[in-house]
Amino acid sequence: MARNSEEAKDAILKAFAWVGMACDGDVVYQSKRFDLYKKYIDQLLEEGKAYKCYMSKEELAALREEQMAKKERTRYDGRYRNFTGTVPQGVDPVIRIKAPQEGMITFEDGVKGTINIAATEVDDFVIARADGAPTYNFVVAIDDALMGLTDVIRGDDHLYNTPKQIVVYKALGFNLPNFNHVAMINNEQGKKLSKRDGATDVMDYKTMGYLPEALLNFLVRLGWSHGDQEIFSIEEMIALFEPKNINKSSSNYNLDKLLWLNAHYIKNTPNDELAILLKGYGVDIHGHDKLELLLDATKERGKTLVELADQINLILATPSAYDEKSSKKAFKGEAKTILADFAVMLQNWEGTLHLPCDYHAVMDKLVETKEIGFGKIGMPLRVSLLGSMTGSGLDEIMAILGVDETVLRIEKAIATIA
RNA sequence: GGCCCCAUCGUCUAGCGGUUAGGAUCCAUGGUUUUCAUCCAUGUUACAGGAGUUCAAGUCUCCUUGGGGUCACCA
């Protein structure tokens with residue numbers, strides 16, 4: 001943990017900042033509070049609530065094996081709990097806490113309801129290692145209590161740590177916080193999420209082109225709902241979210257829905273904000289005079305910022321090649337002459353062409369005078385401008401490019417037609 | 001294996017004893033569009049199984065089955 005701890009801290013804080021979570025107070029390092037934990041350990045020792053255990057690791061392993069052979073639950077047998085004999089030489093003792101030996105450890109979980117765990121399920125667990133370093137369940141309880149934590153919300157996998165931590169809270173006389181254990185999120189196959197499932201770091205979602213609002217909205221609806229509402233602003237989440245109506249069962253990660261939400265949030269993000277975000281994806285259109293037009297023409301088409309960036313680049317860059325299938329279909333028959341005529345018309349009308357509708361009027365005129373279908377000009381023009389048969393509206397693209405670039409692309413395309 | 005938790009469309013979910021079991025996503029079809037996408041409309045698909053309790057059970061109880069979690073001198 002000492003290794004790269006600064007780096008790790010920064011990464012966590014950065015992720016918090018990205019999703020818009022604020023944190024107060026300074027970062028507290030457990031490794032720098034050993035004296036404090038030591039004080040509590042000594043206190044428990046003195047009060048007889050904890051004791052030294054001289055069992056060696058080998059002995060412990062042997063005990064465990066024996067229990068496993070008998071198909072019993074593996075647990076420490078408490079042999080040093082009330083030890084009065086002479087202590088073994090050459091063994092640095094660990095400190096174990098005295099957990100209740102009978103009855104139930106009961107707590108009210110905010111999402112799961114009442115949880116009853118037999119005291120026999122919790123053994124006298126180690127609170128300080130042989131080298132004196134305190135253990136997780138011990139320090140967590142102390143930190144939480146000292147920081148005045150009122151609500152613990154954590155993953156399901158910590159449910160079994162709770163009775164242990166309660167033992168610590170009680171031994172030290174601290175007030176119990178509210179515990180809430182949220183079920184796990186599984187991958188799309190319903191299995192435990194692992195590194196192979198893609199993102200392991202919150203910031204991976206940023207690099208994949210997701211908006212933090214979309215991620216948050218996606219996550220909040222996993223295991224939680226508010227009637228039929230699907231879209232939640234951060235303010236709404238804060239106002240409406242209650243741990244008690246989180247589902248008890250685990251849910252599956254669903255990429256389609258995340259993508260759908262992300263597309264929704266992209267469509268609803270103002271263009272100037274999108275332009276700033278896009279800088280992180282290799283597209284700098286900040287000073288572009290057709291910025292609004294460019295984003296209006298593309299934002300409906302990109303499910304992620306990465307896709308949106310691709311869409312923009314597709315329009316901005318002169319196609320270096322034409323999709324084979326598309327060109328075969330589009331560049332046939334009279335396509336060549338139609339394109340040439342269209343280019344001439346554009347040049348003739350150049351001074352009057354500004355808005356998408358102006359360009360549309362030229363297309364209308366061409367279709368009318370040549371008595372052809374819209375597709376006759378639409379298809380070849382599209383392939384000329386974008387290199388493929390799909391993409392944004394032609395009139396918008398031309399308005400963004402301007403007459404010169406449009407004509408250039410048309411001429412380039414004509415040159416490839418046999 | 002012991003202990004704990006869970007179980008409604010493929011997926012996310014609504015439902016809190018009486019509903020034609022609702023919404024979203026996905027998929028399919030149709031419409032809009034010069035293309036794709038968007039958008040709109042329509043459609044397919046679910047109460048894991050079995051016993052009870054009750055006039056009435058997706059909803060309550062029990063069992064079975066199936067999932068998940070956890071059993072460290074890790075965090």
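Every chain is numbered from 1, with letters handed out A, B, ... down the list of sequences.
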Notebook entry, point to check: Where the side chain of A:Arg96 is defined as all heavy atoms beyond and including C-beta, which of B:rA75, B:rU70, B:rC73 is the nearest nucleotide?
Noted result: B:rC73
Check: When the C1' atoms of B:rA14 and B:rU70 are considered, how many whole Å apart are they?
Finding: 31 Å
Notebook entry, point to check: Who is the Watson-Crick or G-U wobble partner of B:rC62, with both distances under 3.5 Å?
Noted result: B:rG50
Next item on the list: Could you work out which one of B:rC12, B:rA75, B:rU35 sits closest to the side chain of A:Arg382?
Entry: B:rU35
Margin query: side chain to side chain donor-acceptor pair (under 3.5 Å) for A:Asn186 and A:Ser250? Distances and angles first, verdict last.
Written below: CA-CA 7 Å; A:Asn186 298 128; A:Ser250 60; 3.3 Å; yes
Note to self: Just the rounded figure in Å: distance from P of B:rU35 to NZ of A:Lys325.
What the structure shows: 18 Å
Item checked: Position toward the 5' end of RNA chain B (nearest nucleotide), A:Lys71 or A:Pro134 -> A:Lys71
Next item on the list: Run the salt-bridge test on A:Arg33 and A:Asp143 with the 4.0 Å N-O cut-off and return the result as yes or no.
Entry: yes
Margin query: Taking any heavy-atom pair under 4.0 Å as a contact, classify A:Arg75: base, sugar-phosphate, or nothing.
Written below: nothing
Next item on the list: Please work out which residues in residues 252-261 of chain A have a non-hydrogen atom less than 4.0 Å from an atom of RNA chain B and list them by number.
Entry: A:Asn252, A:Asn254, A:Asp256, A:Lys257, A:Trp260
Item checked: Assigned partner base of B:rC3, Watson-Crick or wobble definition, under 3.5 Å -> B:rG69
Notebook entry, point to check: A:Lys267 side chain: which of B:rC5, B:rA75, B:rU38 is closest?
Noted result: B:rU38
Next item on the list: Using atom CG of A:Asn186 as one end and atom C1' of B:rG66 as the other, report the distance to the nearest whole Å.
Entry: 14 Å
Item checked: Nearest-angstrom distance from the residue atom CD of A:Gln165 to P of B:rA75 -> 12 Å
Check: Testing A:Ile127, A:Asp42, A:Leu44 for side chain to side chain contact (heavy atoms under 4.5 Å, CB included) with A:Ile95, which one passes?
Finding: A:Ile127
Next item on the list: Flag the pair A:Arg79 and A:Asp77 as a salt bridge only when some basic side-chain nitrogen lies within less than 4.0 angstrom of an acidic carboxylate oxygen.
Entry: yes
Note to self: With rounding to the closest Å, how many angstrom separate the P atoms on B:rA41 and B:rU32?
What the structure shows: 15 Å
Note to self: Heavy-atom nearest nucleotide on RNA chain B for A:Asp228 versus A:Asp156: which residue maps closer to 5'?
What the structure shows: A:Asp228
Item checked: Under 4.0 angstrom between A:Arg154 side-chain N/O and B:rG69 OP1 or OP2 -> no
Next item on the list: Please work out if A:Asn116 contacts a base, only the sugar-phosphate, or nothing of the nucleic acid, heavy-atom cut-off 4.0 Å.
Entry: sugar-phosphate
Next item on the list: Return the residues of residues 240-249 of chain A meeting this criterion: a heavy atom under 4.0 Å from some atom of RNA chain B. Order them by number, or give none.
Entry: A:Asn247, A:Lys248, A:Ser249
Item checked: Shortest side-chain distance from A:Arg73, nucleotide among B:rG2, B:rG23, B:rC4 -> B:rG2
Next item on the list: In plain terms, say whether A:Asp156 and A:Lys112 are close enough for a salt bridge, that is, a side-chain N and a carboxylate O under 4.0 Å apart.
Entry: yes
Margin query: What contact category does A:Gly373 fall into here, base, sugar-phosphate, or nothing, at under 4.0 angstrom with non-hydrogen atoms?
Written below: nothing
Item checked: A:Thr135 side-chain N/O to B:rC73 phosphate OP1/OP2 under 4.0 Å -> no
Next item on the list: Could you work out the separation of B:rU44 and B:rC60 based on their C1' atoms and round it to a whole Å?
Entry: 33 Å
Item checked: Sugar-phosphate only, base, or nothing, as touched by A:Lys299 at under 4.0 Å among non-hydrogen atoms -> nothing
Check: Taking atom C1' in both B:rC71 and B:rU54, what distance in whole Å separates the two?
Finding: 42 Å
Notebook entry, point to check: For the residue pair A:Phe179 and A:Phe107, does the interplanar ring angle fall in the parallel (under 30°), tilted (30 to 60°) or perpendicular (over 60°) class?
Noted result: perpendicular
Checklist line | Between C1' of B:rC12 and CD1 of A:Ile231, the distance in whole Å | finding: 13 Å
Note to self: Given B:rC4, B:rU34, B:rG67, identify the nucleotide with an atom nearest to the side chain of A:Leu159.
What the structure shows: B:rC4
Margin query: Rounding to an integer number of Å, can you tell me how far A:Asp109 CG sits from B:rG69 P?
Written below: 17 Å
Check: What is the distance, rounded to the nearest whole Å, between atom NE2 of A:His158 and atom P of B:rG68?
Finding: 19 Å
Next item on the list: Look at all strands and tell whether A:Lys191 reaches a base, only sugar-phosphate, or nothing, counting heavy atoms closer than 4.0 Å.
Entry: sugar-phosphate
Next item on the list: Indicate, with a heavy-atom threshold strictly under 4.0 Å, whether A:Asn137 touches base, sugar-phosphate, or nothing.
Entry: base
Check: Among B:rA75, B:rG23, B:rC4, which nucleotide sits nearest the side chain of A:Ile117?
Finding: B:rC4
Next item on the list: Let me know the distance between CD1 of A:Ile142 and P of B:rA75, rounded to the nearest Å.
Entry: 14 Å
Margin query: Once you measure the plane-to-plane angle for A:Trp224 and A:Phe241, does it fall in the parallel (<30°), tilted (30-60°) or perpendicular (>60°) bin?
Written below: tilted
Next item on the list: Give the C-alpha distance, both sets of side-chain angles, the deciding distance and a yes or no for ring-ring contact (aromatic ring centres under 6.0 Å, His included) between A:Trp260 and A:Phe218.
Entry: CA-CA 9 Å; A:Trp260 173 75; A:Phe218 170 67; over 10 Å; no
Check: Can you tell me how far P in B:rU34 sits from the matching atom in B:rA24, rounded to whole Å?
Finding: 28 Å
Check: Using atom P of each nucleotide, how far apart are B:rU8 and B:rG68 to the nearest Å?
Finding: 14 Å
Note to self: Quick check: A:His181 with A:Tyr160 (ring centres under 6.0 Å apart)?
What the structure shows: no
Notebook entry, point to check: If you take atom types as modelled and just measure distance, does the side chain of A:Gln229 reach the base of B:rG23 with a donor-acceptor pair under 3.5 Å?
Noted result: no
Checklist line | Lys/Arg N to Asp/Glu carboxylate O, A:Lys257 vs A:Glu230, below 4.0 Å | finding: yes
Note to self: Under 4.0 Å, heavy atoms only, any strand: does A:Lys376 hit a base, just the sugar-phosphate, or nothing?
What the structure shows: nothing
Next item on the list: For side chain to side chain donor-acceptor pair (under 3.5 Å), just list the numbers for A:Asn180 and A:Lys244, CA-CA rounded to whole Å, side-chain angles, deciding distance to a tenth of an Å, and then say yes or no.
Entry: CA-CA 8 Å; A:Asn180 303 276; A:Lys244 74 174 189 326; over 6 Å; no
Item checked: Interatomic distance at P, B:rA57 relative to B:rC3, whole Å -> 33 Å
Note to self: Could you tell me the Watson-Crick or G-U partner of B:rU32, where both distances fall under 3.5 Å? Say none if there is no partner.
What the structure shows: none
Margin query: Between A:Gln165 and A:Phe138 (side chain of the first, backbone of the second, donor and acceptor by atom type, cut-off under 3.5 Å), is there such a pair?
Written below: no
Check: Is any NZ, NE, NH1 or NH2 atom of the basic residue among A:Glu300 and A:Lys267 found under 4.0 Å from an Asp or Glu carboxylate oxygen of the other?
Finding: no
Next item on the list: For B:rU64 versus B:rC55, give the span between their C1' atoms, rounded off to a whole number of Å.
Entry: 29 Å
Note to self: Can you measure A:Ile397 atom CD1 to B:rA37 atom P for me and round it to whole angstrom units?
What the structure shows: 15 Å
Next item on the list: For A:Ser392, report the nucleic acid contact type (base, sugar-phosphate, nothing); a contact means any heavy atom under 4.0 Å.
Entry: base
Notebook entry, point to check: If you look at every strand shown and take non-hydrogen atoms under 4.0 Å, does A:Val94 touch a base, only sugar-phosphate, or nothing?
Noted result: base
